[in-house]
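Since the model is a prediction, treat every value here as computed from it, not as a measurement.
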Amino acid sequence: MSEFVDPETGARCHQMMVAMRDGTRLNTFVFLPTDGEQFPVILQRTPYGIAKQDGSANHDVSQGWLPSPVEPLRGSILRGWRNITSHGYAAVYQDARGRFGSEGEDRVYADDASDGWDTLAWISEQDWTNGRVGMSGSSAGATTTYAAASTKHPSLKAFWAQVGGSSIYDDVVCEGQSIEMERLWLWVAKNIPGLSASHREAARTRAGLSEAEMDEAAARAMARYNRLDAARNGSPPFTCSEEWMRLPLADYPDFAVWQPFLNEIITHPSPDAFRAAHNFRNTIDIPGFHATTWYDIFLTSVIAAYTEIEGRAGNQRLWIGPNGHYFIYEEQFWPRDPYFEWFGHWLKDEDSPLLEEPPVHFSTRAWTDDPQSYAANDWKFSNRWPLSEAVEKHLYLTVDGAILDDVGGEGARTYTYDPRKPVATYGGRNMAIDPGPMDQRPAEGHPDYGLVYRCDPLDTEMTIAGPVRVDLHVSSDCPDTDFVAKLVEETSAGEAKLLMDGVTRAMLRSGTDQIERLTPGEIVSLSISLGQIYHTVQAGSCLRVDITSSNFPRRARNTNSGNLTLAKDGHADIRVAHNAVHHGGRVANVVNFRVLPA
């Protein structure tokens, strides 16, 4: 154990290796306030490093992570130990298993529930805790927080989780039963340098490589990452990149050598016990503060955590602001910083305005083009989400490409989907590539883009508030394919702004482990969830729905093969699909959403 007294604050700081139930030891920093013997505790567990992220000071508690003074809200670890101890809490940081200074192998959240419990049990045995613990974290740190909270350790009294996954596979990695590729590929590659020495050795032994060959694989992986990232600048983006277009996804060169668990992540195509074990929100029953953004990749997962836990246990709060995943780290994002209000109430019995306010607080702007000048004066409170005043609205996609109040005539509209020529991603709820309401006109330039439906220009503005779902009746001449739906605002100036998008894999359209391959000529029904939003469509704009079968690399390509585990498909498995949407009579294709009364 190493010790250090902070000359600036007098905080007492300790480093130690905390043993988990299997004997694996995790690198842990403890920071205690200057005075006192027992304190409430705020624990933060992260895969991003609790000291310098270059790995040069993994066990040096004097180098414990602190946010930049000019960006005090940035980081997977929130608020920093100096701020936390100055408020009278003990701060505990921990490197997740297999990361930076911790032992073991990194299995990307698979061990974070049990390791979270073991760490909470260890804290409970220390003489400096008063038995009341909170947890917090952002992004991956939020997911480790949800994981630990799912274990119901009695010492954990409340948590704060922002822009992270509460059921990481069902909501994010396998949303719509399609692999969410952009975040996964770029995130795994970028985080190879943070893998610990023990993880490296286990991966090296498994791959049968020498130390030098592992170094070479790491260098190649970083070069691949750079090429993958640079592909956003292509014309079109991504789809001309050999790295993005490579098949199979399984055993991806260099990435899978350093992170063997990547293969595990992408080979659970339908709901199973593995995915269910990562549904952390399912058992949480303590007070939780949930925060996200309208274009965050984790938006639906955060909202689902709030909704389910609030319904089961109460005492939840949900804040949603504009823009993408990373805007939450900017001070101007927040109407105010309620972090210490939240923990002050649940860990210290302090009065808090949070407990008097309605539980849902959200920005009425899903996106701002000028984030630096944004002022969080457009937020509203609500007692629930979706808003109680929002009314259901149903519009129909018709055979002539219109969006109307009734079903319209009968017939089919068809398009071709060739996985060798996918439609490129432009915007949406992305994390590692550009998010937001990007113009879809470049995507429409694809010769086999798909189908476009539009309504007449609106006479008055219309505010969409809540979930959006598209119900389709479709067919294909392949045993499987994807159906992608986009909700678009087509402005009077001609811009086609992406509001939201979703996907459903046809042979897994029930959302269960039931496999229902398509038969040529057979018409089947399926639903596509597009997520949730608060957005006002302006008068003079058209509401538009686009139907296609690829959105790459936001979604990995469906090869149309009918093979269950698409991650193992190679180029030889690709089939060209001729897909159709059927209209009229008893066959209705419906856009379901909620709007505020005019």
**Check: Asn558 side chain, Asn560 main-chain N or O, donor-acceptor pair, under 3.5 Å** = yes

**Message:** For Trp294 and Trp385, take the angle between the two ring planes, folded into 0 to 90°, and tell me which bin it lands in: parallel under 30, tilted 30 to 60, perpendicular over 60.
**Reply:** tilted

**Request:** Say whether Asp482 and Tyr417, considering side chains only, have a donor N or O and an acceptor N or O under 3.5 Å apart.
**Result:** no

**Request:** Would you check, one step at a time, whether the test side-chain contact (heavy atoms from CB on, under 4.5 Å) holds for Gln162 with Leu78?
**Result:** CA-CA 10 Å; Gln162 62 182 50; Leu78 297 174; 3.7 Å; yes

**Atom of Met181, atom of Leu249 and distance for their closest heavy-atom approach** = CE-CD2, 3.7 Å

**Asked** Looking at Ala189 and Phe255, what are the two nearest heavy atoms and their distance?
**Response** CB-CZ, 3.4 Å

**Request:** Answer whether the closest heavy-atom distance between the side chains of Gln177 and Arg509 falls below 4.5 Å.
**Result:** no

**Message:** Could you report the tightest heavy-atom contact between Asp477 and Pro520, atom names first, then the distance?
**Reply:** O-CG, 4.0 Å

**Message:** Whether the Ser114 and Arg21 side chains hold a donor-acceptor pair (N or O, under 3.5 Å, no angle test) is what I'd like checked.
**Reply:** no

**Prompt:** Looking at side-chain heavy atoms only, is the closest gap between Arg97 and His199 below 4.5 Å?
**Reply:** no

**Asked** Does Thr425 reach the main-chain N or O of Asn551 with its side chain, forming a donor-acceptor pair under 3.5 Å?
**Response** yes

**Request:** May I ask you to decide if Ile168's main-chain N or O and His278's side chain share a donor-acceptor pair within less than 3.5 Å?
**Result:** no

**Asked** Please walk me through it: do Leu472 and Leu397 pass side-chain contact (heavy atoms from CB on, under 4.5 Å)?
**Response** CA-CA 9 Å; Leu472 298 177; Leu397 312 182; 4.0 Å; yes

**Prompt:** Should the pair Arg420-Asp418 be classified as a salt bridge under the 4.0 Å nitrogen-to-oxygen rule?
**Reply:** yes

**Item:** Minimum side-chain heavy-atom gap Arg45-Leu26 below 4.5 Å
**Value:** yes

**Complete:** OG of Ser196 to CD of Glu103, rounded to nearest 0.5 Å, is 8.5 Å

**Asked** Is the backbone N or O of Gly165 less than 3.5 Å from a side-chain atom of Thr143, with the two atoms forming a donor-acceptor pair by type?
**Response** yes

**Prompt:** With a 3.5 Å cut-off and no angle check, do the side chains of Ser561 and Asp569 form a donor-acceptor pair?
**Reply:** yes

**Request:** Please check if the side chain of Asp501 supplies one atom and the backbone of Ala485 the other of a donor-acceptor pair under 3.5 Å.
**Result:** no

**Asked** Taking the inter-plane angle between the rings of Trp160 and Phe289 on a 0 to 90° scale, is it parallel (under 30°), tilted (30 to 60°) or perpendicular (over 60°)?
**Response** parallel

**Prompt:** Do Ile533 and Tyr295 come close enough that some side-chain heavy atom pair is under 4.5 Å?
**Reply:** yes

**Asked** Does any non-hydrogen side-chain atom of Ser529 lie less than 4.5 Å from one of Pro467?
**Response** no

**Prompt:** Which pairs with one or both residues in residues 217-229 pass side chain to side chain donor-acceptor pair (under 3.5 Å), sequence neighbours excluded?
**Reply:** Arg220-Asp254, Arg224-Asp254, Arg227-Glu243, Asp229-Arg232

**Message:** side-chain contact (heavy atoms from CB on, under 4.5 Å), that's the test. Do Met222 and Ile192 meet it? Break it down for me.
**Reply:** CA-CA 8 Å; Met222 186 51 61; Ile192 286 175; over 6 Å; no

**Asked** When rounded to the nearest 0.5 angstrom, what is the spacing between NZ in Lys486 and CD in Gln440?
**Response** 4.0 Å

**Request:** Measure the spacing between CG of Asp513 and NE2 of His268 and express it to the nearest 0.5 Å.
**Result:** 13.5 Å

**Prompt:** Are Phe483 and Ile528 side-chain neighbours, meaning at least one heavy-atom pair lies under 4.5 Å?
**Reply:** yes

**Message:** With rounding to the nearest 0.5 angstrom, report the CG to CG distance, Leu518 to Asp480.
**Reply:** 6.5 Å

**Prompt:** Between Ser198 and Gly104, is there a donor-acceptor pair closer than 3.5 Å when you use the side chain of the first and the backbone of the second?
**Reply:** yes

**Prompt:** Is a salt bridge present between Arg555 and Glu182, judged by a nitrogen-to-oxygen distance below 4.0 Å?
**Reply:** no

**Prompt:** Do Ser138 and Tyr329 have side-chain N/O donor and acceptor atoms under 3.5 Å apart?
**Reply:** yes

**Which atom of Arg505 lies closest to which atom of Pro269, heavy atoms considered** = NH1-CB, 3.8 Å

**Request:** Test Leu262 against Leu184 for side-chain contact (heavy atoms from CB on, under 4.5 Å), laying out the working first.
**Result:** CA-CA 9 Å; Leu262 177 59; Leu184 193 56; 4.1 Å; yes

**Item:** Value rounded to 0.5 Å, distance of OG in Ser241 from CG in Leu228
**Value:** 5.5 Å

**Message:** Would you call the rings of Tyr306 and His290 parallel, tilted or perpendicular, taking 30° and 60° as the class edges?
**Reply:** perpendicular

**Message:** Less than 4.5 Å apart, side chain to side chain, heavy atoms only: is that true for Met431 and Ser139?
**Reply:** yes

**Asked** What pairs of residues pass the salt bridge (charged side-chain N to carboxylate O under 4.0 Å, His left out) test when at least one of them lies in residues 264-286, not counting sequence neighbours?
**Response** Lys152-Asp285, Asp170-Arg275, Asp171-Arg281, Arg281-Glu308

**Request:** Would you confirm whether Arg517, through its side chain, and Pro479, through its main-chain N or O, come within 3.5 Å as a donor-acceptor pair?
**Result:** no

**Message:** I'd like to know if the side chain of Thr414 pairs up with that of His578 as donor and acceptor (distance under 3.5 Å, no hydrogens or angles considered).
**Reply:** no

**Message:** Once rounded to the nearest 0.5 Å, what's the spacing between atom OH of Tyr252 and atom CH2 of Trp185?
**Reply:** 7.5 Å

**Prompt:** Do Asp95 side-chain atoms and Ile50 backbone N/O form a donor-acceptor pair below 3.5 Å?
**Reply:** yes

**Side-chain donor/acceptor of Glu180 to backbone N/O of Glu175, under 3.5 Å** = no

**Asked** salt bridge (charged side-chain N to carboxylate O under 4.0 Å, His left out): which pairs involve residues 189-207, sequence neighbours left out?
**Response** Glu105-Arg206, Arg200-Glu211, Arg200-Asp215, Glu201-Arg204, Arg204-Glu211

**Asked** So Lys52 and Asp54, salt bridge (charged side-chain N to carboxylate O under 4.0 Å, His left out) or not? Walk me through it.
**Response** CA-CA 5 Å; Lys52 291 184 177 180; Asp54 63 4; 5.7 Å; no

**Asked** Under 3.5 Å, is there a donor-acceptor pair between the Ser102 and Asn27 side chains?
**Response** no

**Which atom of Thr46 lies closest to which atom of Tyr48, heavy atoms considered** = OG1-N, 3.0 Å

**Asked** When Asp296 is tested against each of Thr293, Thr300, Thr292 for side-chain hydrogen bond (donor to acceptor under 3.5 Å, both in side chains), which residue passes?
**Response** Thr292

**Request:** Tell me, with the steps shown, if Asn579 and Thr481 meet side-chain hydrogen bond (donor to acceptor under 3.5 Å, both in side chains).
**Result:** CA-CA 8 Å; Asn579 297 335; Thr481 193; 3.3 Å; yes

**Request:** Mark yes or no for whether Gln316, through its side chain, and Gly288, through its backbone, hold a donor-acceptor pair below 3.5 Å.
**Result:** yes

**Request:** Identify the two heavy atoms, one from Phe552 and one from Phe238, that lie closest to each other, and give their separation to 0.1 Å.
**Result:** O-CD1, 4.1 Å

**Message:** Atom CD of residue position Glu242 - does it have more than 12 heavy atoms of other residues, nucleotides or ligands inside 6.0 Å?
**Reply:** no

**Asked** If we only count heavy atoms from C-beta on, is the Tyr326 to Pro435 side-chain gap below 4.5 Å?
**Response** no

